[in-house]
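Below, chains carry the letters A, B, ... as their sequence lines are ordered, and counting in each starts from 1.
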Amino acid sequence: MAKGKGKGPDLREMEIRWAEYWEKAGVYRYDPTRGRDETFVVDTPPPTVSGSLHIGHMFSFTHTDLMVRYRRMKGDNIFYPMGWDDNGLPTERRVQNVFNVRCDPTLPYDDDLKLEWGREGDVLSVSRTNFIELCDEVVQEDEKKFQEVFQTLGLSVDWNETYATINRRSRYVSQLSFLNLVKKGHAELRDAPTMWDVDFQSAVAQAEVEDRERDGAFYKIRFDVEGGGDFHIATTRPELLPACIAVTAHPDDKRYANLIGKNAITPLFEAPVPIIADEAADPEKGTGILMICTFGDAQDVEWWRELGVPAREVIARNGSILAAPWGESPWLSNDPERAKTFHDKLVGLSINQARRAVAEMLEEAGVLDGEPEKTRRPVKFYEKGERPLEFVVSRQWFIPVMDKKEQLIEQGRKIAWHPDMFRKRYEDWVEGLNLDWCVSRQRYFGVPIPVWYAVDDDGHVDYDKKFFPAPEELPIDPSEQAPPGYTEDQRGAPGGFVGDPDIFDTWATSALTPLIPSGWPHDLDRHKALYPNNLRPNAHDIIRTWDFVTITRSYLEDGSIPWSDVAISGWILDPDRKKMGKSKGNAMVPTAMLEEFGADAVRYWSASAKLGVDTTFDNNVLREGKRLVTKLLNASRLIRGYEGAGASPTHPLDRALIARLRKVVEEADRRWSAWDHAAALAVTESWFWSDFTDNYLELSKARAYEGDASAIGTLRLALDVVLRLLAPVLIYATEEVWNQGAEPQGSIHTSPWPSPDELEGEDEGGFDAAVLVLTQIRKAKSDASVSIKFPVRNIQVRGPAAQLKILEPVLSDVLTTGSVETYELVPDEGAESLQVSVTLGDAPASPDR
RNA sequence: GGUCGGUUAGCUCAGCGGGAGAGCGCUCCGUUCACACCGGAGAGGUCACUGGUUCGAUCCCAGUACCGACCACCA
């Protein structure tokens with residue numbers, strides 16, 4: 001029990017009891033015998049198990065579960081799996097820390113290796129396979145913890161349908177799909193400049209890149225012009241000077257028009273480089289004329305391609321300065337010896353060190369104009385990285401997407417986005433793509449790229465000659481297995497082969513989450529029953545990654561869309577409007593939240609927020625949810641306590657309540673089917689609090705207590721319906737009450753969604769009239785500071801005859817509830833509405849203390 | 001710089017052509033016979049601003065300001 005609260009229902013006990021029951025009874029099992037059109041399939045976002053669950057997970061996973069539960073009660077066969085994302089860097093890092101190991105792919109597998117958690121001492125190097133085994137071990141522990149939290153939260157996942165993104169099935173699907181892409185020409189190996197993280201020493205994709213503001217400075221450097229003259233270039237990256245291959249200015253820029261076509265001479269390195277005109281040069285920036293280097297940014301890569309000259313690379317894969325080929329080609333420098341003396345001072349330095357060193361050399365050479373001018377500008381970073389990205393030439397596998405933008409946008413239009421504005425976000429992202437998707441990563445823990453390359457007779461790798469495994473062999477690891485027709489002793493030998501050492505980008509596998517649980521491609525019956533999926537839920541930050549890659553892969557695989565609907569959850573923000581958890585660590589922990597408020601309240605909190613809307617965290621909404629749970633349990637206790645047979649509602653007040661509930665059922669269903677769980681909850685909750693507990697329960701009390709069949713029947717019917725309306729949100733409390741009835745009914749969560757046809761009644765205004773009079777009586781007592789049970793001698797209601805006629809049949813309940821002795825109805829056609837005068841009686845005999 | 005959202009009561013948010021709303025907080029009152037994780041009665045707002053459309057605008061249109069997100073810009 002949570003601290004210091006002895007009162008109230010024991011929610012935790014209730015949660016455990018029902019969670020066990022649901023699991024045992026298989027309430028959330030998928031039924032494979034039912035057809036595609038009656039099945040609702042969720043493509044669950046696999047959480048990264050090496051991280052921790054945060055409040056945003058609770059929020060968005062509940063959104064999914066709400067819709068799933070609504071669909072289940074509407075009669076759908078639900079396929080709601082759980083995936084664990086254990087593939088990728090976070091796991092790799094966690095394993096390194098847990099066991100104090102590093103992966104060394106050159107080591108042989110040690111099948112005896114046993115390591116303790118929290119192992120101390122020297123860092124131990126282990127083989128790739130051993131490393132992956134350790135990852136598996138860690139990840140299974142993490143998965144257990146996650147599952148516990150999700151089960152408490154009450155996700156109606158079919159826990160028989162789980163997968164992990166590194167498991168055999170996922171590796172199989174990932175490799176098979178990749179080989180299909182290769183076969184169709186949708187994946188290709190390129191030796192080209194690629195965005196590169198110098199710390200992780202891996203290629204990264206555009207979707208993993210983010211901008212960060214960094215301080216920098218403009219260095220104004222003087223360049224000479226061949227045949228006389230000079231000009232200044234302002235650059236924030238002087239260390240790229242030795243990589244300069246050309247200089248460019250805008251064709252309309254009069255200042256430099258006379259230079260176009262001539263050669264500039266780079267300072268220090270004395271390289272003659274062409275001065276070209278290009279529209280992409282902005283006359284407003286810097287001095288309006290700039291260096292083209294290999295490679296400062298994506299624009300440089302493009303210019304370099306157009307120029308068709310060899311790259312002059314200076315940055316190594318670890319971010320240090322490379323030894324340069326000065327002197328090897330005559331065109332590189334007019335004075336190779338001098339260039340080399342400068343460059344030698346840079347070799348091995350970090351980029352920042354080199355920047356300072358070049359600046360000093362320029363200063364000494366007298367070609368630096370003035371002090372460097374401070375500036376702040378955005379710099380591209382790998383989202384998990386700490387140093388700026390560089391463009392480095394390397395051999396990578398790409399999935400071309402630049403030539404398919406229109407088709408991918410068209411695919412996005414076939415999908416319903418909730419809310420719709422996020423379709424635009426997707427389209428903007430696709431339109432803004434400027435690089436093909438690089439899917440290879442120079443990491444160890446992940447799905448290996450299933451390719452080998454031939455080694456020619458001279459011992460050189462021939463990347464044009466590739467070997468692929470047969471589909472039935474998958475999954476494979478080319479570092480440990482030989483290609484068909486070869487043996488392991490030919491690895492690396494002349495006439496032999498080498499395995500591709502890389503793994504896939506984690507998104508390359510995540511892009512296939514609709515296919516991993518579906519049985520594709522062997523169990524086509526199952527696949528057809530599950531694919532395309534119905535619902536992809538996720539937050540808006542991964543539209544550009546997960547949604548994009550999934551749509552892309554489905555399109556390339558067979559032209560399909562992966563799902564019919566995408567539901568976008570917003571973020572939970574701190575009071576300072578930053579994404580919770582990203583600002584200074586005051587994020588609420590899911591387990592603490594569940595314990596303090598109970599799962600139903602947490603679900604209520606989530607359900608209160610519309611799809612797509614970022615929501616500031618507010619404890620009060622959780623309290624509100626808990627209050628609703630308590631109220632529901634208490635009101636139910638009252639209703640269940642009435643003895644006697646119930647009958648169909650005949651009393652006008654009862655029939656009015658039912659008529660009003662009927663409207664709520666219609667409205668709630670309309671909202672649910674429009675993906676608006678928040679409005680559905682609001683309309684249901686508002687009826688429950690106001691019509692039902694505040695008013696009807698009070699008005700019907702006396703009658704029900706006396707055993708009036710209409711009142712008792714009405715209470716039971718209304719409860720039965722409102723429980724089901726609330727069941728997708730308050731899963732525990734509704735189940736608890738549902739099964740307190742006379743006969744066991746089975747789980748509420750597999751009961752049919754309420755239909756308006758269950759509710760027959762009419763409300764001509766009697767309900768509002770009754771409430772109006774009751775409120776006036778309450779107000780009179782409140783004004784007089786007397787108890788709600790204080791007797792009323794007389795009430796007089798004045799108003800149009802038609803309205804009095806509506807009031808009269810329901811008045812007796814009002815009189816009883818208000819302890820009213822006598823009443824008068826006074827017709828007054830001049831009055832617009834009912835006017836109530838209340839005359840209080842004498843104080844009841846009470847012990848005067 | 002482009003795009004998409006937002007701006008409504010002290011706070012968190014609904015509403016979106018004809019009544020200014022909810023919960024919390026606040027004030028007053030009551031109560032233990034379902035509920036103190038309670039009940040009742042109240043106070044509190046030029047619906048950011050400026051124009052326009054309309055018989056009528058918080059709501060539709062145009063613009064402005066501020067907040068946020070995404071994208072672009074990296075000389």
Side-chain angles (χ1 to χ4, degrees), chain A residues 5 7-9 11 210-211 213-214 216 218-221 233-237 240 247-249 280-282 284-293 296-300 375-380 388 419 421-429 431-434 540-541 543-544 570-571 573 575 577-579 597-598 601 608-610 612-621 623-642 678-679 682-683 685-686 689-690 693-694 697-698 701 705 774-790:
Chain A
K5 294 188 194 121
K7 287 237 176 174
L11 299 177
E210 64 185 27
D211 285 353
E213 285 279 326
R214 284 296 121 106
F218 281 117
Y219 296 82
K220 270 178 90 178
I221 303 171
I233 282 179
T235 178
T236 55
R237 301 204 57 186
L240 290 178
V247 163
T248 187
D282 182 350
E284 301 295 317
K285 283 187 188 158
T287 56
I289 186 164
L290 69 141
M291 303 196 285
I292 299 172
C293 304
D297 59 26
Q299 181 66 53
D300 277 350
T375 176
R376 258 184 102 69
R377 79 266 188 245
V379 179
K380 285 201 187 308
M421 64 177 178
F422 287 107
R423 174 204 316 278
K424 181 89 170 105
R425 177 88 58 103
Y426 167 78
E427 291 179 6
D428 286 351
W429 169 255
E431 269 164 19
L433 285 171
N434 53 37
H540 48 67
D541 52 335
I543 291 171
R544 70 173 194 162
W571 280 348
L573 307 177
R577 301 261 156 194
K578 292 276 178 282
K579 188 184 179 187
F597 299 100
S608 299
K610 288 184 295 187
V613 176
D614 290 349
T615 307
T616 309
F617 182 77
D618 182 5
N619 253 320
N620 278 328
V621 183
R623 291 205 192 95
E624 200 181 320
K626 193 166 181 183
R627 214 166 61 98
L628 177 61
V629 168
T630 308
K631 191 75 173 182
L632 181 63
L633 293 172
N634 284 325
S636 303
R637 194 197 309 167
L638 173 70
I639 294 166
R640 296 291 192 215
Y642 290 128
V683 68
E685 188 193 3
S686 148
W689 272 113
S690 171
T693 62
D694 286 355
L697 244 45
E698 298 301 331
K701 240 176 202 172
Y705 189 72
L774 181 61
T775 301
Q776 291 306 308
I777 295 170
R778 284 168 171 167
K779 184 166 161 52
K781 293 180 181 179
S782 180
D783 289 348
S785 299
V786 299
S787 146
I788 209 75
K789 286 181 197 144
F790 196 90

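For A:Lys779, a side-chain nitrogen or oxygen approaches OP1 or OP2 of B:rG42 to under 4.0 Å. Phosphate contact (OP1/OP2 of B:rC24, side-chain N/O of A:Arg627, threshold under 4.0 Å): present. Between B:rC13 and A:Thr616, a contact under 4.0 Å exists linking OP1 or OP2 to a side-chain N or O. Between A:Lys631 and the phosphate of B:rG39, there is a side-chain N or O to OP1/OP2 separation shorter than 4.0 Å.
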Legend entry - Secondary structure of RNA chain B in dot-bracket form (Watson-Crick or G-U wobble, distances below 3.5 Å, | marking inter-strand pairs): ((((((((.[[[[.)..(..]]]].((((((....).))))).....[[[[[..)....]]]]])))))))....
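Taking CG from A:Leu628 and CD from A:Glu685, the interatomic distance works out to 5.0 Å, rounded to the nearest 0.5 Å.
For A:Arg637, counting side-chain heavy atoms from C-beta on, the closest listed nucleotide (B:rA34, B:rC24, B:rA41) is B:rA34. Between B:rC71, B:rC35, B:rC73, one nucleotide has an atom nearer to the side chain of A:Pro378 than all others, and that is B:rC73. In this structure, the nucleotide among B:rG23, B:rC35, B:rA69 sitting nearest to the side chain of A:Glu624 is B:rG23.
The interatomic distance linking A:Ile777 (CD1) with B:rG40 (P) rounds to 15 Å, in whole Å. Straight-line distance from the NZ atom of A:Lys610 to the C1' atom of B:rU12: 13 Å, rounded to whole Å. Between the CD atom of A:Glu284 and the C1' atom of B:rG1 there is a distance of 13 Å, given to the nearest Å.
Distance check on atom P: B:rG39 versus B:rC47 gives 32 Å, rounded to whole Å. Of the P atoms belonging to B:rG51 and B:rG10, the separation is 25 Å, rounded to the nearest Å.
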Inset, instruction - Mark up nucleotides 2-10 of chain B, 5' to 3', with B wherever a protein heavy atom is under 4.0 angstrom from a base atom, S wherever such an atom reaches only the sugar-phosphate, and - elsewhere. - result: -SSS-----
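Side-chain atoms of A:Asp541 and base atoms of B:rC70 include no donor and acceptor less than 3.5 Å apart. At a cut-off of 3.5 angstrom, counting only N and O atoms as typed in the model, there is no donor on one side facing an acceptor on the other between the side-chain of A:Ser787 and the base of B:rG30.
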Inset, instruction - Test salt bridge (Lys or Arg N to Asp or Glu O under 4.0 Å) on A:Lys424 and A:Glu427 and set out the steps. - result: CA-CA 5 Å; A:Lys424 181 89 170 105; A:Glu427 291 179 6; 5.5 Å; no
